[in-house]
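Report on one structure; see the data block that follows.
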Amino acid sequence: LLRNEFPEILIVDVAIGGAKITDLLIQCFYYKQFKPDLVFLQCGIVDCAPRSFSLMEKALIDKFRLRKITKIFEKKLRKYRNCTYTPKNGFLGSLLSIKKYFENIPFFSLGILQIAEEYEKLVPGIRKNAKEYNEILKKNTEFIDNDDFPIEGIISDFHHLNEIGHRLIFEKLKNIIINHSESKLLSVNE
């Protein structure tokens, strides 16, 4: 949608399914070479989702083929353990490291989408965690709030966008790009 709207602008999209913020950080050395005028970051749901096991524990479970045994307790453990793939301090550290790659460049983050009641039932604690991780984004970036995001814009997994959702995010980003372009023109003409 952005490429169609702004054919004169080079839009570089990095989309890594299931990526944690640390996965995005690893890619920054390459993408900073494009010398962007604006940076938009969308991350957090994978980082903050309550899990039964940490990544290290999960690796050990897989290594020793204990998945069948642990699967029985997974839902209860998730609720009580609230492990996340990226602890809040690690999320903040990675976010600040990403921002360093793009110093002096307007840096925006898209807030984690509002958490539907059905998603909270499936993944107890996701609403609280999403709010806390959004606060980290809000305090450290130009934050694009999605707390008002309609459930009609999200597919049945409760965290991926459908066509309506993509259009809504597009409108938000489009407005920022237009405002940024206009302010650059004003500063050049002054």
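Computed over heavy atoms, backbone and side chain alike; hydrogens, waters and symmetry mates excluded.
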Distance from [X] atom [atom1] to [Y] atom [atom2], nearest 0.5 Å?
X	Y	atom1	atom2	value
T70	I61	OG1	CD1	4.5 Å
I115	E120	CD1	CD	8.0 Å
I26	S97	CD1	OG	11.5 Å
L2	E5	CG	CD	8.0 Å
T86	I136	OG1	CD1	10.0 Å
L77	I72	CG	CD1	11.0 Å

Validation row: [X], [Y] side chains within 4.5 angstrom (heavy atoms):
X	Y	value
D47	T84	no
I154	L113	yes
L168	P150	yes
F158	I151	yes
F107	I98	yes
L1	R167	yes
N134	F143	yes

Is the distance between the ring centroids of Y133 and F91 less than 6.0 Å?
yes
Are [X] and [Y] close enough for a salt bridge, meaning some N to O gap below 4.0 Å?
X	Y	answer
E132	K128	yes
E171	K174	yes
E135	K138	yes

How are the rings of Y30 and F34 set to each other: parallel, tilted or perpendicular (split at 30° and 60°)?
perpendicular
So which heavy atom on [X] is nearest to which on [Y], and how close?
X	Y	result
N129	A49	ND2-C, 4.5 Å
I21	S94	CG2-CB, 3.6 Å
K32	Y101	CD-CD2, 3.5 Å
A19	L24	CB-CD2, 4.3 Å
C48	I126	SG-CD1, 4.2 Å

Quick check: is [Y] connected to [X] through a chain of hydrophobic side chains (ILVMFWY, heavy atoms under 4.5 Å apart)?
X	Y	answer
F170	I164	yes
L122	Y80	no
I155	V46	no
F73	F64	yes
Y31	I11	yes

Taking everything shown except E142 itself, do over 12 heavy atoms lie less than 6.0 Å from its CD?
no
Just wondering, more than 12 heavy atoms not from Q33 lying within 6.0 Å of its CD?
yes
Go through L38 and I177 one step at a time and tell me if the side chain to side chain contact (heavy atoms under 4.5 Å, CB included) criterion holds.
CA-CA 8 Å; L38 296 169; I177 292 169; 3.9 Å; yes
Using a 3.5 Å distance criterion without hydrogens, assess whether the side chain of [X] forms a donor-acceptor pair with backbone atoms of [Y].
X	Y	result
E103	K99	no
N179	I176	no
R81	S52	yes
N140	L96	no
D147	Q114	no
D157	H160	yes
Q42	G111	no
R78	P50	yes

Side chains of Y85 and K58: any donor to acceptor distance under 3.5 Å?
yes
For N146 and K172, which I'm curious about, is there any donor-acceptor pair between the side chains at under 3.5 Å?
yes
Only counting residues at least two apart or in another chain, list the ones meeting salt bridge (Lys or Arg N to Asp or Glu O under 4.0 Å) with R67.
D62, E74
Identify whether NZ of Lys or CZ of Arg in R127 sits under 6.0 Å from the centre of the six-membered ring of Y119 and within 45° of that ring's axis.
no
Go through L25 and K20 one step at a time and tell me if the side chain to side chain contact (heavy atoms under 4.5 Å, CB included) criterion holds.
CA-CA 9 Å; L25 173 58; K20 301 176 302 301; over 6 Å; no
Is there a side chain to side chain contact (heavy atoms under 4.5 Å, CB included) between F40 and S109 once you walk through the steps?
CA-CA 6 Å; F40 295 99; S109 68; over 6 Å; no
When I144, L95, V14 are each screened for side-chain contact (heavy atoms from CB on, under 4.5 Å) with L41, the one that passes is L95
